[in-house]
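First the structure, in the form of structure tokens, and then the observations on it.
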Amino acid sequence: MKAYCQANKVDEVLRLFHEMIESQCKPNIICFNTVLNSLVTATRFSEAGSLLDSMVSLELNPNISTFNILVKAYSCCSDQFDSAYMVIEDWMVNSGVSPDVTTFSTLISGLCKGGRICEAHGVLNRMLKEKVGPNIFTFTPILHALYGKRMIKEGSCLIGFMLKWGCPLNTVVYNILIDGLCKNSDFDRVKIMLERSTSIGWKPNSISYNIYMNGLCKVGRVMDAFGLLEVMKKDGLSPTSFTVNILLDCLCQASMVDEAKNLLGQSSWLKWEVDTVSYNTLMSRYSSTRDWKAVLKLFAAMLKKGLEPNSRTYNIVINCLCIAGELMYAKSLICKGWFRADLVTYNILIDAFYRSRNTVQVQDLYERMKQEKIAEDVYTVTVKINNLCKAGEPSEASKFLFELMKMGFTPDLVTYSALIDGLAKHGKLRDKFFSSIGRQNREITGSSGQAVNAGELVFVSNKYISISQNNGDFIW
DNA sequence: GTAGGGTTAG
């Protein structure tokens, strides 16, 4: 079960678990934790909850690992930090189990992923106060977040503390540093860091080079990225499937799709390991150029090769079937049981049926999402806004968004753009500039003195956008 | 059985 869990094959884990129960072999706490962890990692929380219930009904008491998996569920796999704290403060305390270094490191990891670096620092201070000694697993998520946010000064400060604490830097930490430097386009320093690795006392691995290559690819330095293959070789490292996929993506991004296809074709001859992601990478590129025939060809080729498609593969295929106009066939795939339809699958299908003005199918898809307990996200909302605007109802779109925002929904730039575009095309956009500049979350009043009707969008400055609630009042 | 670094889908 652990092996399947590591391979992200949750359904196989569950199959084995049920087989175990049917053959009268009583699962112990370790079995339950293994299954719980695989469900949590796959964000299948309602099933995780049921499993926890059956565990308790069998009088198997949760132990430290169980609690740590729950903390992971609430902080790393979702952003329900209040619940994560509740596991630690209430449930663990009532069960007489003390949080350990893993509990806090897991919490810190989740907080950092959610951008709450200050709070993560607070947890670190709590650990020091409660004498739960932090280790390298505690520090790395914070370092990752700091360097990811270009907070270089704070990062080196923390590294100083780690060394003083007696926690030597390892390859993972150096890889985070390399990633930070790449994001700053400071490739010269990356080169120096790799050249001096031996004398500083660390050894780069293939991940170090993958990060470096990916950094170069993202700024379009295709040749330099490929050049690193030789450097890797000299360092005794072979390209992994990740390396190949980064290079394939690099070629695709640089519009060198033919080269990417050739590379994929020559992979077995080059003895390069290709996998499902390699095919997904190319298929998604063809999908974005709407070349649905090329996508289906590659899909057939990957099946022939014995590679197992994953949910991303199916999402790309479903998207390309929609491009080809085969909407009903695309939708029928979600019932076949070949893969688990997720949020992305539904967003693709909802958008496609909206575009073809088939509202019956759109409603059916929303219903299915509800049944599957899949929550809508900013993308789902944007699709609806976009299509309401296209259907000639931008004011409806505006009202819909406003209602959601009252309930705490945060739109992104694409959401605003869709609405601005829709309102503008129907002459419902005022591009009047106001002399008083408003701040977010603060009510502002236009200095022009003009009333603005509900459903209209108003530019307050180049950067600030406000949607009117009532005449004359502006929100944000 | 639980915590850290690299790739792909809307």
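The structure displayed is predicted, hence computed values, not measured ones. Every chain is numbered from 1, with letters handed out A, B, ... down the list of sequences.
Contact of T240(A) with dG6(B) (side chain to base): a donor-acceptor pair of N or O atoms is detected under 3.5 Å. Taking only distance into account, the side chain of N135(A) meets the base of dA3(B) through a donor-acceptor pair shorter than 3.5 Å. The base of dG4(B) lies close enough to the side chain of N170(A) for a donor and an acceptor atom to sit less than 3.5 Å apart.
Screening residues 122-147 of chain A for salt bridge (charged side-chain N to carboxylate O under 4.0 Å, His left out), with sequence neighbours left out, gives E89(A)-R126(A), R126(A)-E130(A). Counting only residues at least two apart or on different chains, no salt bridge (charged side-chain N to carboxylate O under 4.0 Å, His left out) pair has a member in residues 232-246 of chain A. Within the structure, the salt bridge (charged side-chain N to carboxylate O under 4.0 Å, His left out) test picks out the following pairs touching residues 7-20 of chain A (sequence neighbours left out): K9(A)-E308(A), D11(A)-R44(A), E12(A)-R15(A), R15(A)-E19(A). The ring-ring contact (aromatic ring centres under 6.0 Å, His included) pairs that include a residue from residues 64-94 of chain A are F67(A)-W91(A), where partners are two or more places apart or lie in different chains.
We find that the ring of F242(A) and the base of dG6(B) stack, their centres lying under 5.5 angstrom apart and their planes tilted less than 30°.
Contact check of residues 69-82 of chain A against DNA chain B (heavy atom, cut-off under 4.0 Å) returns I69(A), K72(A).
A straight line from CG of N205(A) to P of dT7(B) spans 14 Å, rounded to a whole angstrom.
Under the rule for a salt bridge (Lys or Arg N to Asp or Glu O under 4.0 Å), the partners of R116(A) that lie at least two apart in sequence or sit in another chain are E119(A).
F400(A) carries K384(A) over the face of its six-membered ring, with the cationic atom under 6.0 Å from the centre and within 45° of the normal.
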